[in-house]
Number of protein chains: 2
Amino acid sequence: MPAETPDLRVRTWSPVCRAVALLLGPYAEVVLHDTATDRVLAIWNPMTTRAPGDPSLLGELDELDPSAPDVYGPYEKLLPDGRRLSSVSAVLRDEAGRASAVLCVNLDRGPLEQAAALLTNFAAPTAPRPEPLFERDWTERMNDVIGGHVRAQGRPLERFTREDRLAVLRELDEAGVFAVRRAVPAVATALRISRSTAYALLAELKHPAGPRKD
Amino acid sequence: MPAETPDLRVRTWSPVCRAVALLLGPYAEVVLHDTATDRVLAIWNPMTTRAPGDPSLLGELDELDPSAPDVYGPYEKLLPDGRRLSSVSAVLRDEAGRASAVLCVNLDRGPLEQAAALLTNFAAPTAPRPEPLFERDWTERMNDVIGGHVRAQGRPLERFTREDRLAVLRELDEAGVFAVRRAVPAVATALRISRSTAYALLAELKHPAGPRKD
DNA sequence: GTCCGGCTCGGACGCTTCGTCCAGAGGCTT
DNA sequence: AAGCCTCTGGACGAAGCGTCCGAGCCGGAC
């Protein structure tokens with residue numbers, strides 16, 4: 001993606017990144033992270049709006065521990081718009097063996113799962129869903145709830161109605177998500193609304209005597 | 001399948017049976033049962049060795065009950081060779097409205113399930129999640145952890161040593177409890193220590209190069 | 001077109017909570 | 001007694017929280 005960058009790491013790994021991005025078509029993004037600054041170095045085929053320079057948000061990969069593995073995953077990630085990703089990460093090292101970057105490949109499993117669901121549901125006996133839905137941290141829960149509504153409404157996040165957002169916030173509130181620090185701004189961002197609007201909608205939930213009319 | 005039969009029912013329903021058998025390819029069989037004799041009237045695309053005249057083996061469909069539905073299923077059937085079928089049945093009636101035959105369509109779900117498994121397993125996550133983080137009412141969790149240590153140490157809360165408190169705080173921290181608003185003062189109270197001490201101990205956890213000496 | 005009501009937005013404000021620091025008060029051992 | 005360690009309440013700046021306001025952006029009514 002970047003025209004020409006003076007960064008040696010980008011020049012070194014760019015070909016393989018481009019190749020992977022090309023192979024996995026539109027359903028995978030490839031991200032190169034800077035371990036030192038914890039920011040995005042370069043990104044190919046981005047699925048979100050992340051751009052070089054943005055914070056990476058990937059936890060510390062403990063590259064100081066020599067016994068730590070170089071490759072992680074595949075593990076699951078959830079996007080606010082409901083897409084489910086399979087992600088792998090690799091620690092990239094320079095000639096001296098020092099970790100200098102982290103490569104992440106995020107594959108959208110949505111289309112595959114959709115096809116699989118189509119097949120399993122085709123003429124299937126009406127059976128209860130074996131979905132355990134185990135515990136995750138609140139950020140995952142948030143993406144889960146939002147994604148669930150996206151799928152349920154069949155609407156992309158940008159075309160959510162006011163009621164959709166209210167429903168999402170109600171569910172998250174009942175799940176106790178807003179007891180967590182910094183949860184409100186995070187949810188607002190994920191919902192693509194401003195912090196102000198988020199608080200306004202939340203107030204409306206506790207305060208049904210709002211300006212709403214039916 | 002049958003060449004020409006004098007049976008009115010077979011002549012009546014044969015076209016739709018042939019059509020369904022054709023549509024569902026090699027993976028479905030269509031069977032027409034005689035309700036009176038409980039025997040196979042005709043069969044298209046058979047998956048087993050059943051032939052016209054064989055006993056139907058289909059359970060009582062209770063066609064005497066006028067409130068019983070006309071269509072059953074889809075329900076699951078198992079074949080001796082392990083194939084899993086999805087089956088639907090329909091009660092067929094003559095002009096007078098009397099049940100005269102039962103149509104069964106048996107679809108082999110095996111190939112579909114195989115394909116579905118292939119898709120779901122493609123690039124599926126194998127690692128759980130690196131984050132064990134928070135969920136469930138944290139106040140309950142807190143009491144749980146503290147109570148566990150009290151029992152494990154056999155010491156009442158007032159006689160806890162510094163290390164005991166450190167251990168409790170470490171466990172709660174790893175459980176992500178302190179991501180919750182107002183959690184630190186609450187834990188401090190529960191541990192019978194001051195807010196200051198709680199923060200001091202927490203700082204010591206993150207900063208093992210503290211004033212501690214051993 | 002103009003107006004208007006509803007909604008969202010960013011920015012700003014005051015208040016609460018967070019996390020740190022410090023001086024003092026015990027309680028150990030020596 | 002002194003020295004050392006730890007806990008404590010109080011105080012502080014920084015950060016986060018929640019509310020409010022004026023400005024823009026529609027979409028419908030006129």
Side-chain angles (χ1 to χ4, degrees), chain A residues 49 55 57 80-81 137-139 142 146 149-150 153 155-170 172-214, chain B residues 133-134 138-139 142 146 149-150 153 155-170 172-214:
Chain A
T49 60
L57 298 182
D81 59 10
D137 72 301
W138 67 271
T139 201
M142 169 187 77
I146 298 179
H149 279 256
V150 168
Q153 305 297 329
R155 246 192 300 272
L157 206 44
E158 295 80 11
R159 305 205 188 347
F160 257 37
T161 77
R162 180 186 176 78
E163 317 307 318
D164 292 336
R165 295 189 246 264
L166 273 172
V168 170
L169 290 179
R170 174 179 296 111
L172 288 174
D173 189 27
E174 282 162 4
V177 165
F178 296 122
V180 177
R181 310 193 54 197
R182 269 157 299 183
V184 175
V187 169
T189 301
L191 260 183
R192 311 257 208 242
I193 60 179
S194 73
R195 208 175 61 99
S196 311
T197 306
Y199 278 115
L201 296 178
L202 282 173
E204 196 169 325
L205 285 184
K206 304 173 199 162
H207 226 334
R212 199 72 254 119
K213 191 67 181 53
D214 51 322
Chain B
L133 253 108
F134 136 103
W138 63 274
T139 195
M142 172 186 73
I146 298 179
H149 278 257
V150 167
Q153 306 299 327
R155 250 191 299 271
L157 208 43
E158 295 78 10
R159 298 189 188 20
F160 257 36
T161 78
R162 179 186 176 79
E163 317 305 318
D164 292 337
R165 294 191 248 264
L166 272 173
V168 171
L169 290 179
R170 164 158 32 245
L172 289 174
D173 187 30
E174 281 162 5
V177 165
F178 297 121
V180 177
R181 307 192 54 199
R182 272 156 299 189
V184 176
V187 170
T189 301
L191 260 183
R192 312 262 207 234
I193 61 179
S194 73
R195 207 175 63 96
S196 310
T197 306
Y199 279 115
L201 296 178
L202 282 174
E204 196 170 325
L205 285 183
K206 301 174 198 159
H207 207 353
R212 197 76 250 115
K213 195 62 185 54
D214 50 322

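Order of the sequence lines fixes the chain letters, A, B, ..., with proteins taken first and strands second; residue numbering starts at 1 for each chain.
The nearest whole Å value for the distance from the CD atom in A:E204 to the P atom in C:dG6 is 12 Å. A:L205 places its CG atom 12 Å from the P atom of D:dT19, with the value rounded to the nearest Å. Atoms CG (B:L202) and P (C:dG19) sit 8 Å apart, rounded to a whole Å. When rounded to the nearest whole Å, the span between CG of B:L166 and C1' of D:dC7 equals 13 Å. In this structure, CG of A:D164 is placed 14 Å from P of C:dC7, rounded to the nearest angstrom.
Evaluation of the salt bridge (Lys or Arg N to Asp or Glu O under 4.0 Å) rule for A:D164 yields A:R155 as partners, not counting sequence neighbours. Under the rule for a side chain to side chain contact (heavy atoms under 4.5 Å, CB included), the partners of B:A186 that lie at least two apart in sequence or sit in another chain are B:W138. Taking the salt bridge (Lys or Arg N to Asp or Glu O under 4.0 Å) definition, one finds that B:R192 meets it with B:E158, sequence neighbours left out.
In this model, the phosphate group of C:dT16 is not approached by any side-chain N or O of A:R181 to a distance below 4.0 Å at OP1 or OP2. In terms of phosphate contacts, A:Y199 brings a side-chain nitrogen or oxygen within less than 4.0 Å of OP1 or OP2 of D:dG18.
Pairing each heavy atom of A:L205 with each of A:R170, the nearest pair is CD2-NH2, 3.3 Å. The heavy-atom pair separating A:A198 from A:L169 by the smallest distance is O-CD1, 4.2 Å. What you find for A:V187 and A:M142 is that their closest heavy atoms are CG2-SD, 3.4 Å.
Residues B:I193 and B:L201 are in side-chain contact: their nearest non-hydrogen atoms beyond the backbone lie under 4.5 Å apart. Side chains of A:H149 and A:L157 form no contact here, defined as non-hydrogen atoms less than 4.5 Å apart.
Of the residues listed (B:L172, B:V177, B:L202), the one engaging B:V184 in a side chain to side chain contact (heavy atoms under 4.5 Å, CB included) is B:L202, and it is the only one.
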| request: Summarise protein proximity over nucleotides 25-30 of chain C in one line of letters, 5' to 3': B for base, S for sugar-phosphate only, - for none, counting protein heavy atoms closer than 4.0 Å. | output: ------
| request: For nucleotides 8-14 of chain C, just jot down a letter per nucleotide in 5' to 3' order: B, S or -, based on protein non-hydrogen atoms under 4.0 Å. | output: SBBBB--
| task | Go through the steps to decide whether B:L191 and B:T197 satisfy the test side-chain contact (heavy atoms from CB on, under 4.5 Å), and finish with yes or no. | result | CA-CA 10 Å; B:L191 260 183; B:T197 306; over 6 Å; no
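Of all nucleotides listed (C:dG19, C:dT17, D:dG16), C:dT17 comes nearest to the side chain of B:R182.
Using modelled atom types, one side-chain atom of B:R165 and one backbone atom of B:F160 make a donor-acceptor pair closer than 3.5 Å.
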| note | Pairs under 3.5 Å (Watson-Crick or G-U), crossing ones as [ ], inter-strand ones as |: DNA chain D comes out as ..||||||||||||||||||||||||||||
